[in-house]
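Data first, discussion second: the structure below is written as structure tokens.
Just so you know, these numbers come straight off a predicted model, no measurement behind them. One-based numbering, in listed order, for ligands and for the atoms of each.
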Amino acid sequence: MLFVVKMQSIILDGRKAREAFMPQLVEKVKAFSSVSGNVPTLAIIQVGARADSDSYVRAKKAFAERIGAAVKHMQADENISETDLIGIVRECNAEHDIQGIIVQLPLPAHIDKDAVIDAIDPKKDADGLTAANIRRWLGGEKDAIFPATARGVSEIMAHYGMKLFGKKVVVIGRSMLVGKPVAAMCLNEGATVTICHSKTADLADETKTADIIISAAGKPGLVGKEHVRRGQVIIDVGISKTADGKLVGDVDFDAVKDVIAAITPVPGGVGPMTVLALFENLLDL
Ligand code: NAP
């Protein structure tokens, strides 16, 4: 008689993983407050009122409240000049009660995002995106502040006992915010890394060679059955909104779920870990 065994992939649950990291973070917040007499405070500088940015800021504020930290949210007009925006960053640099600063991206097209980010004091750079901090994480310095998504990816994998050391990783996406820091994090942890992007000749050819696929393209359905093979781990960083308002990742979850070994869902995978990692960065600063 022939038995067909259907493999079930493990769901790497970011909400559950985050809870495991919470007690340690709450302890750090308490320790900071008792020594300094202040609440650890993250300044979020937002320009305009994009709906997606608004919802990310809301999530950060709600998380700060849960752990006993504070968010100082500054929302500038859509038409603010680059000079005035840099002025706000400098005020935050000078404010003793602010330990971390992030500029909510994306910024409007008339503003040079690199000029604004580089105005952040590297000692308050909670997103790890100033030139000084990029140099540190690219160089593999142990205490470098990594962009939160990369740190979140590293921590969800660590929570589920998955090691990057010696593994073949394919990262899809090469942005400075996600793809490149994720690739650098994997390299620093001893993986062999391939970075794919929109000009990659044959994506499936690359992804099939991986032990771990990390997709950060923001293209729903980009990774399908033809891109995967049995036993792989998939970290789906992409977040897109469908026409009916549903949040989806880059991976066609239903098409791959019975083939691969483990996968992060969207929502509820990397997203919650990214918010956690941002506040871990704040406490490290
Ligand atoms: P981005 O700046 O638009 O970068 C997207 C990258 O994907 C680019 O490098 C692009 O290649 C590549 N790409 C696009 N289409 C592709 C294709 N068909 N094949 C292969 N590569 C392709 O976006 P981002 O800021 O990096 O964000 C990426 C995704 O992650 C978005 O969905 C975003 O919402 C999400 N995100 C999630 C979290 C989280 O916590 N889960 C945090 C931040 C961002 P080129 O460089 O050639 O254009």
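- Look at Leu222 and you'll find a heavy atom under 4.0 Å from some atom of ligand 1.
- Remark: Arg136 engages Asp143 in a salt bridge, criterion side-chain N to carboxylate O under 4.0 Å.
- Summarising the contacts of atom 16 (C) of ligand 1 with Ser198, Cys196, Gly152, the nearest heavy atom is found in Ser198.
- Closest heavy-atom approach to atom 5 (C) of ligand 1 within the set Gly271, Ala217, Gly173: this belongs to Ala217.
- For the side-chain hydrogen bond (donor to acceptor under 3.5 Å, both in side chains) condition, the pairs that include at least one residue of residues 168-178, sequence neighbours left out, are Lys168-Thr209.
- The proximity of His197 to ligand 1, defined as any non-hydrogen pair under 4.0 Å, involves the side chain as well as the backbone.
- Applying side chain to side chain donor-acceptor pair (under 3.5 Å) to Gln104 and the options Gln46, Lys60, Arg50 leaves one that passes, Lys60.
- The nearest protein heavy atom to atom 46 (O) of ligand 1 is closer than 4.0 Å.
- In summary, the side chains of Asn38 and Ser36 do not present any donor paired with an acceptor at a separation below 3.5 Å, with no hydrogens or angles considered.
- Any N or O atom pair closer than 3.5 Å counts here, and Ser175 shares at least one such pair with ligand 1.
- Scanning all protein heavy atoms for the shortest distance to atom 30 (O) of ligand 1 gives Val237 O, 3.6 Å.
- If you check which protein heavy atom lies closest to atom 28 (C) of ligand 1, you get Ala216 O, 3.4 Å.
- Of all the atoms in ligand 1, the ones that sit under 4.0 Å from a non-hydrogen atom of Thr274 are 39 (C), 40 (O).
- Asp112 places no side-chain N or O within 3.5 Å of a backbone atom of Glu82 that could act as its donor or acceptor partner.
- Only the side chain of Thr149 comes within 4.0 Å of ligand 1, judged by heavy-atom distances.
- A donor atom on one side chain and an acceptor atom on the other are not found under 3.5 Å apart for Thr200 and Glu206.
- Formation of a donor-acceptor pair under 3.5 Å by the Gln232 side chain with backbone atoms of Ala261 is not found in this model.
- In terms of protein heavy-atom proximity, atom 9 (O) of ligand 1 is nearest to Arg174 N, 2.8 Å.
- Atom 14 (C) of ligand 1 has Lys219 CE, 3.9 Å as its closest protein atom, hydrogens excluded (heavy atom only).
- Side chain of Trp137 to backbone of Pro181: no donor-acceptor contact under 3.5 angstrom is found.
- In this structure, the protein non-hydrogen atom closest to atom 31 (C) of ligand 1 is Gly218 CA, 3.7 Å.
- Near Ile172, with a cut-off below 4.0 Å to any heavy atom, the atoms of ligand 1 are 20 (C), 21 (N).
- The distance from the OG1 atom of Thr207 to the NE2 atom of His227 is 5.5 Å, given to the nearest 0.5 Å.
- Here the heavy atom of the protein found nearest to atom 44 (C) of ligand 1 is Val178 CG2, 3.7 Å.
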Contacts under 3.5 angstrom, residues 262-275 side chains, donor-acceptor by atom type, not counting sequence neighbours:
{"unit_1": "Thr264", "atom_1": "OG1", "unit_2": "Asp236", "atom_2": "N", "d": "2.7"}
{"unit_1": "Thr274", "atom_1": "OG1", "unit_2": "Val270", "atom_2": "O", "d": "3.1"}

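- Taking distance alone, with nitrogen or oxygen atoms compared against 3.5 Å, Ile239 approaches ligand 1 more closely than that limit.
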